[in-house]
There are 2 protein chains.
Amino acid sequence: MNKQPEITAQTRKNLIDAFWSLYCEKRIEKITVKEITQKAGYNRGTFYEYFTDVYDVLEQIEQFLIPTLNELPPITMPDNNMGMPVDVFLKLYEQNSKYYSVLLSDNGDPAFASKLKNSTKPMLKQAFSRNYDLDPVEFDFILEYVLSGMIGIMSYWFRQDKILPAENLIALMYDVMENGVMKRLSR
Amino acid sequence: MNKQPEITAQTRKNLIDAFWSLYCEKRIEKITVKEITQKAGYNRGTFYEYFTDVYDVLEQIEQFLIPTLNELPPITMPDNNMGMPVDVFLKLYEQNSKYYSVLLSDNGDPAFASKLKNSTKPMLKQAFSRNYDLDPVEFDFILEYVLSGMIGIMSYWFRQDKILPAENLIALMYDVMENGVMKRLSR
DNA sequence: AATTGTCCGACAACGTGTTGTATATTTACA
DNA sequence: TGTAAATATACAACACGTTGTCGGACAATT
């Protein structure tokens, strides 16, 4: 007999949603299986049919979020003469902001930022592969710097409730990537 | 009657050290009070004389690390005509690398990176205060970008076991801050 | 009617935080 | 200076909550 996908998918979703509403409020350490199942309206035992752990829920959510990056690479390739596709990254961030803004916050998961960076790197490496002059080691360091900066500034943007219009943020990011931060900081 | 500082300081240190050796190996969620006290050679109850929680140990460690930033500001001010004091930041990172490299890793605490950034910002704000042209809101965004990038690249440096000489890393960071990343990425 | 998927209740084991107690060390006073 | 009271430090035991698992009930599929 096959599974009943409609049912299990729904229960799974209910459990994930219950977990997420709790995760938005408090640290994962303080979330119990009891709380999740109570919120979702199931028995505690049912939880273990879907997840091994409370942390497993988070991992499954993250594993669902990462591939969305790799699905868009053909479009996200920087134009031949242009710089970083900051607008695409921001759009991606906004699309999944429900999860991104929390996972990348102070109460989030540092491993998620890493997963995000590591998923993006191959794409950017290929896009910039025509530059043979650059030491591949240095290249990785620069990538780590840019991606950390981008994730940092985008998270900050959300934390500040988007006080800056998206266009301004994109322009700002373009500018600091093209010309560095010093010119902008010290006249 | 006064406390016996030598004794309590030693037990506290023993407990913190035991916690840290565990924290280097696994996620904080999986660390129990029992493990810590066993490793340190104390009764489980003794732990609660010093800390309220396993997480309290981490917080106390972080609270000890943050002020070291504020103790060096007179020196860390960027020279009048120079850029970011990247060398000072790197030195600071290296001095506390035992803790920094772990706290800023995938298994670390995202809140620590925030604390680090927020402790550094006022210092940099003052250093760049002569620039009246810049919108203070934009300024904060740029700071968030640079600091995220710096922390990201320095953590990466440690993660890669410092394959790049420190001088090269400093030069690289200076360059991307002065001139941006694009010139270096795409010739 | 039989089989399998989904969910539930109960159980043992473990970890938590607290409270009362023993031992060692400091202080006060003779 | 020597002794007894006071307190600091560490410990053992307790009640409670959470965890992960296992067998069974009920429903849906074939």
Side-chain angles (χ1 to χ4, degrees), chain A residues 1-64 102-103 107-109 111, chain B residues 1-64 102-103 107-109 111:
Chain A
M1 188 185 287
N2 288 332
K3 290 187 180 179
Q4 292 147 267
E6 317 84 30
I7 299 176
T8 60
Q10 188 58 49
T11 348
R12 209 182 96 95
K13 187 181 183 307
N14 291 339
L15 289 171
I16 287 182
D17 288 349
F19 164 82
W20 192 252
S21 72
L22 289 166
Y23 189 66
C24 290
E25 289 168 8
K26 57 175 161 180
R27 300 180 150 236
I28 191 166
E29 304 87 68
K30 302 293 177 188
I31 299 176
T32 66
V33 176
K34 191 182 173 186
E35 279 179 307
I36 297 173
T37 49
Q38 267 185 353
K39 212 176 207 355
Y42 294 94
N43 179 279
R44 208 172 55 79
T46 304
F47 177 90
Y48 294 97
E49 304 282 338
Y50 293 86
F51 309 98
T52 64
D53 221 52
V54 175
Y55 305 98
D56 187 37
V57 188
L58 186 63
E59 279 167 31
Q60 289 198 25
I61 291 175
E62 291 183 3
Q63 275 181 3
F64 167 80
V102 178
L103 286 172
N107 295 327
D109 179 14
Chain B
M1 187 183 287
N2 287 332
K3 291 186 179 179
Q4 293 148 261
E6 317 85 28
I7 299 175
T8 60
Q10 187 57 49
T11 13
R12 209 182 96 95
K13 188 181 182 307
N14 291 339
L15 289 170
I16 288 182
D17 288 349
F19 165 82
W20 192 253
S21 73
L22 290 166
Y23 189 67
C24 291
E25 289 167 8
K26 56 175 162 180
R27 298 180 152 237
I28 191 167
E29 303 86 70
K30 301 292 177 190
I31 299 176
T32 66
V33 177
K34 190 181 172 186
E35 278 179 307
I36 297 172
T37 49
Q38 266 186 355
K39 212 177 207 355
Y42 293 94
N43 180 279
R44 207 172 56 80
T46 305
F47 177 89
Y48 294 97
E49 305 282 338
Y50 294 85
F51 309 98
T52 65
D53 220 52
V54 175
Y55 305 98
D56 187 37
V57 188
L58 186 63
E59 279 168 31
Q60 290 197 25
I61 291 176
E62 291 183 2
Q63 275 180 4
F64 166 80
V102 178
L103 285 171
N107 295 327
D109 179 13

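Lettering of chains follows the sequences in order, A, B, ..., and the numbering in each one begins at 1.
- Distance from the side chain of B:Tyr50 is smallest for D:dA10 among the nucleotides C:dT18, D:dT19, D:dA10.
- Remark: of the listed residues A:Thr11, A:Ile16, A:Asp17, A:Asp17 is the sole one forming a side-chain contact (heavy atoms from CB on, under 4.5 Å) with A:Lys13.
- Checked against C:dC8, D:dT19, C:dT16, the side chain of A:Arg44 finds its nearest nucleotide in D:dT19.
- B:Tyr23 and B:Trp20 have tilted rings, their planes meeting at an angle from 30° to 60° on a 0 to 90° scale.
- Proximity note for B:Val33 (side chain, C-beta onward) versus D:dA10, D:dG20, C:dT16: the nearest is C:dT16.
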Residue pair A:Lys26, A:Glu35: steps toward the salt bridge (Lys or Arg N to Asp or Glu O under 4.0 Å) verdict: CA-CA 12 Å; A:Lys26 57 175 161 180; A:Glu35 279 179 307; 2.6 Å; yes

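- Look at CZ on A:Phe47: it is 9 Å from P on D:dT19, rounded to the nearest Å.
- Using the six-membered ring where Trp is involved, B:Phe47 and B:Phe51 have ring planes that are tilted, between 30° and 60° apart.
- When rounded to the nearest whole Å, the span between CD of A:Gln10 and C1' of D:dA27 equals 18 Å.
- A straight line from CG of A:Asp53 to P of D:dT18 spans 16 Å, rounded to a whole angstrom.
- Per the geometry, CG belonging to A:Asn43 stands 14 Å off P belonging to C:dC11, to the nearest Å.
- Map B:Thr52 and B:Glu49 each onto its nearest nucleotide of DNA chain C; the residue landing nearer the 5' end is B:Thr52.
- Taking only side-chain nitrogens and oxygens, A:Tyr48 never comes nearer than 4.0 Å to OP1 or OP2 of D:dT21.
- Across the protein-nucleic acid pair, A:Ile36 atom CD1 and D:dG20 atom P stand 11 Å apart, rounded to whole Å.
- The separation between A:Lys13 atom NZ and C:dT6 atom C1' is 19 Å, rounded to whole Å.
- Contact annotation: B:Thr11 side-chain N/O to D:dT9 OP1/OP2 distance is not under 4.0 Å.
- Remark: side-chain polar atoms of B:Thr46 are not paired, donor with acceptor, to backbone N or O of B:Tyr42 under 3.5 angstrom.
- Taking atom NZ on B:Lys34 and atom P on D:dT19, their separation rounds to 18 Å, with Å as the unit.
- Look at CG on B:Leu15: it is 11 Å from C1' on D:dA10, rounded to the nearest Å.
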